[in-house]
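Written below as structure tokens is the structure these notes are about.
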Amino acid sequence: MNYDVIIIGAGHAGCEAALAAARLGARTAVFCLSLDTIANLPCNPSIGGSAKGQIVSEIDALGGEMGKAADACTIQSRTLNRGKGAAVHALRTQCDRNAYHLYMKQCLETQAGLEIKQDEIIDIMIESGAVKGVRTRLGLFYSANAVVIASGTYLDSKIHIGEQSYSSGADGVLPAAGLSASLAAAGIHLRRFKTGTPARVHRRSIDFSELQEQSGDDTVTPFSFDYGGILENKVPCHITYTNEKTHAIIRENIHRSPMYSGRIKATGARYCPSIEDKLVRFSDKDRHQIFIEPMGLDTDEMYLQGVSSSLPVDVQEAFLRTIEGLENAEIMRYAYAIEYDCCDPLDLYATLEFKEISGLFSAGQFNSTSGYEEAAGQGVIAGINAARKCKGQELFILPRASSYIGTLIDDLVTKGCDEPYRMMTSRSEYRLFLRQDNAPERLADIGLELGLLSRERFEVFRESQEKIQSEIKRLKKTTAKPTAELNKMLEERGTTPIVNGVKIAELLRRPQICYEDLAQVKLDDSGLPPRLREKVQIEVKYEGYIKMQLEQIKKARGLEEKLLPAGQDYREIRGLSIEAAEKLNLHKPLSVGQAGRISGVNPADVAVLLIWLAAK
């Protein structure tokens, strides 16, 4: 059987890669260990969060599927960090786990040009440094011009629960046992990372009267920019805390944790620590927060976010029952840690193609990242480029300054990572520009040009932009008169009354004033829906800061456009430090901008490169 593109794995990276490749006209096949785990949410069935919500909106703006799937399966939604600036506002939804899987499975099944196959890939066939196809556990060979590895946490994976260890993938799915050897033989540098998950408990065993209820937003914001319906919160979440009794049990048994007994050698995510790690790293804290969140509408499983663990079963049962509301907890699934093989992302170009193997791409946790959203964002780019490779088109690089997805990939391929990489807003120097609300403004044109975002969806975005710009123009043009009603509102909000007429935009720029206040005094007659009003408000309030950031991006773009020749031996360039020449030869940067972000390449080296290029 011949395909243009083959995707290995149908998790969040694999699904997005498969859909992107097929939608761009490539004959595509996606292989998975089990059809029942397509787009599985093996940890918390939530989508979004800080920086992650921005990534989901970017996937949606490019023409990907995760935002639509999350909207279709939302059971509770909250925008985080409302009390902070717009740059860190982030949508997070609790999804119905089973519904999400079924939505994405159906999406793959109905996509033209895409076939789904349940079989394990154990070998990637490579000839003369280029991909030729794959071989499966069933002994079948499939030829392909491009292959995307999206194996998640399944490569030679091992589960750890206390003193017990066994080969397995997440949720009891068999591990991918054969592919690692093939990849190593092809020269791909593999290393071991780990992640983990907390226990799930039965709803009936929780005393909700002792817990703090956490409701969703009054008005639910969708991820997808053209969502036409009304989303509603269907369930509450709850909060409880660990205590000194909890901590005492864990400390007494911490030597039984495979992380502390030395049985796990792999590196875990710093920003998603187990409860054991929290007690060691934050020993001054007398309690840690736990979010109790439903797994779906048709199940009584409840997820305990905040107490990920690999402690033995008896210890898990003991410490959970010291927690308020969980005194009678019935554990349905025990917490565990999982080790798996992944690649060194420094072996990749920013296109997510391996530098030494033409046509081989990778995405997701195999690239040393963590998180559903980070995986899906890479999947879109890998799928786009796999399809373009087959068509002989120039491969696509999403600029760092354009998005969190671009930042994520640039960090991976220029800086690398020594632990599972997790996106945070602090990782971007352009975070005021890379907001969740303006993802379509930043990326819809790119999605349309690539052919992934449909013309119909783009027109919805364009019409929204026209309404937003029209309203901003009205606010800047229209004068508000100093009426008694207006000044009373201003005083109530803690800001100075006006004596002379001022433009409405000037009032909205005041930190104390929002769109709802303008409506109260009849200065908002736009008729815009809440989502567009918020966008107008952000644009007006942060106009000066946004202009400054755009100037920074413009300057940085100049270095990104100064391309470096392929195959250059940097030891031949006089003036470069020895370390810089070694790092440049190792990483093979595509541009001066990328070269400057490599560890060991300093500003003086960048200046040498610029002079050298000018003299060529």
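Counting begins at 1 with the first residue of the sequence. Worth knowing before you read on, the calculation uses all heavy atoms, side chains too, and leaves out hydrogens, waters and symmetry mates.
- There is a side-chain donor-acceptor pair under 3.5 Å between D341 and S180.
- A 4.5 Å side-chain heavy-atom check between R333 and Y303 finds every atom pair outside the cut-off.
- Side-chain contact between R435 and R442 is absent, with no heavy atoms from C-beta onward closer than 4.5 Å.
- What you find for R78 and L80 is that their closest heavy atoms are NH1-CD2, 3.5 Å.
- Between E560 and S591, the side chains place a donor N or O and an acceptor N or O closer than 3.5 Å (distance only, hydrogens not considered).
- One N or O on the side chain of E373 and one on the backbone of G48 form a donor-acceptor pair closer than 3.5 Å.
- Atom CD1 of residue I381 and atom CG of residue L398 lie 5.0 Å apart, to the nearest 0.5 angstrom.
- A donor-acceptor contact shorter than 3.5 Å is absent between the side chain of R97 and the backbone of G296.
- Screening D344, T369, L346, L352 for a side-chain contact (heavy atoms from CB on, under 4.5 Å) with L412, the sole residue that qualifies is T369.
- Side chain to side chain, D217 and S77 fail the donor-acceptor criterion of an N or O pair below 3.5 Å.
- In this structure, L452 and V380 approach most closely via the heavy-atom pair CD2-CG1, 3.9 Å.
- Between R462 and E459 there is a salt bridge, with a side-chain nitrogen of the basic residue lying less than 4.0 Å from a carboxylate oxygen of the acidic one.
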- Message: Assess the residue pair I446 and F396 against the criterion (side-chain contact (heavy atoms from CB on, under 4.5 Å)); give the C-alpha distance rounded to whole Å, side-chain angles, the decisive distance to 0.1 Å, and a yes or no.
- Response: CA-CA 10 Å; I446 295 174; F396 169 69; 3.6 Å; yes
- For R191 and S368, run side-chain hydrogen bond (donor to acceptor under 3.5 Å, both in side chains): C-alpha distance rounded to whole Å, both residues' side-chain angles, the deciding distance at 0.1 Å, then the answer. CA-CA 9 Å; R191 62 257 195 82; S368 297; 3.2 Å; yes
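- Ring geometry, H12 versus Y372: the interplanar angle falls from 30° to 60°, so the pair is classed tilted.
- The closest donor-acceptor contact from the side chain of D71 to the backbone of F223 lies under 3.5 Å.
- Both tests hold for R457 against F225: distance to the six-membered ring centre under 6.0 Å, angle to the ring axis within 45°.
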- Go through D36 and Q118 one step at a time and tell me if the side-chain hydrogen bond (donor to acceptor under 3.5 Å, both in side chains) criterion holds. CA-CA 10 Å; D36 297 326; Q118 180 173 295; over 6 Å; no
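- How far NZ of K391 is from CG of N145: 12.5 Å, rounded to the nearest 0.5 Å.
- M423 has its side chain out of reach of Q54: every pair of non-hydrogen atoms, C-beta onward, lies at least 4.5 Å apart.
- In terms of modelled atom types and a separation under 3.5 Å, the side chain of R388 and the main chain of E394 share a donor-acceptor contact.
- Taking the side chain as every heavy atom from C-beta outward, H89 and R82 approach each other to under 4.5 Å.
- Between A10 and V30 the shortest heavy-atom distance is CB-CG2, 4.0 Å.
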- Query: Between E471 and K467, does a salt bridge (charged side-chain N to carboxylate O under 4.0 Å, His left out) hold up when you go through it step by step?
  - Reply: CA-CA 6 Å; E471 174 61 1; K467 293 177 182 178; over 6 Å; no
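- When side chains are defined from C-beta on, D226 does not count as touching F461, because their heavy atoms never get closer than 4.5 Å.
- Counting heavy atoms from C-beta outward, S50 and N81 have side chains that approach closer than 4.5 Å.
- At a threshold of 4.5 Å between non-hydrogen side-chain atoms, the residues I122 and L179 do not count as touching.
- To the nearest 0.5 Å, the span separating NZ on K132 from CG on L360 amounts to 13.0 Å.
- Applying the 6.0 Å contact sphere to CD of Q393 captures more than 12 heavy atoms from other residues, nucleotides or ligands.
- Panel note: side chain D4, backbone R27; a donor-acceptor pair is recorded below 3.5 Å.
- One distance of note links CG of N367 with SG of C343; it measures 4.5 Å at 0.5 Å rounding.
- For the pair T74 (side chain) and A70 (backbone), a donor-acceptor distance under 3.5 Å is present.
- Side-chain atoms of H101 come within 3.5 Å of backbone atoms of I38 as a donor-acceptor pair (strictly under, hydrogens ignored).
- Every residue meeting the salt bridge (Lys or Arg N to Asp or Glu O under 4.0 Å) condition with D410, not counting sequence neighbours, appears here in chain and number order: R400, R597.
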- Task: Evaluate the criterion side-chain contact (heavy atoms from CB on, under 4.5 Å) for residue pair K68 and Y103; output intermediate values, then yes/no.
- Result: CA-CA 10 Å; K68 290 182 179 180; Y103 175 100; 3.5 Å; yes
- Pair L183-L155, side-chain contact (heavy atoms from CB on, under 4.5 Å): steps then yes or no: CA-CA 11 Å; L183 297 175; L155 278 190; 3.9 Å; yes
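- Counting heavy-atom neighbours within 6.0 Å of Q552 CD, excluding the residue itself, gives a total above 12.
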- Message: E356 vs K588, test: salt bridge (charged side-chain N to carboxylate O under 4.0 Å, His left out). Steps then yes/no.
- Response: CA-CA 11 Å; E356 303 299 332; K588 302 174 183 176; 2.8 Å; yes
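- You'll find the side chain of Y421 stays beyond 4.5 Å of the side chain of P345, heavy atoms only.
- With hydrogens and angles disregarded, no donor-acceptor distance shorter than 3.5 Å links the side chain of R23 to the backbone of A21.
- The CG atom of D123 sits 11.0 Å away from atom CZ of R137, with the distance rounded to the nearest 0.5 Å.
- The two residues S464 and L532 make their nearest non-hydrogen contact at CB-CD2, 4.2 Å.
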- Item | salt bridge (charged side-chain N to carboxylate O under 4.0 Å, His left out) between K52 and E374, worked out | CA-CA 7 Å; K52 295 169 177 282; E374 290 91 335; 2.8 Å; yes
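- Looking at S151, its side chain never comes within 3.5 Å of a backbone N or O of Y154 through a donor-acceptor pair.
- To the nearest 0.5 Å, atom OG of residue S426 and atom CZ of residue R431 are 6.5 Å apart.
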- Task: Let me see the working for D171 and T37 under side-chain contact (heavy atoms from CB on, under 4.5 Å), right down to the final yes or no.
- Result: CA-CA 9 Å; D171 287 328; T37 57; 5.7 Å; no
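- Of the possible polar contacts, one joining the Q549 side chain to the L432 backbone as a donor-acceptor pair under 3.5 Å is found.
- Between Y142 and Y3, the ring-plane angle classifies as tilted under the 30° and 60° cut-offs.
- What you find for E16 and I59 is that their closest heavy atoms are OE2-CG2, 3.9 Å.
- Smallest separation of non-hydrogen atoms from M302 and P294: SD-CA, 3.6 Å.
- The number of heavy atoms from other shown groups lying within 6.0 Å of NZ (K84) does not exceed 12.
- Between the side chains of E293 and N44, a donor-acceptor pair is found at a separation under 3.5 Å.
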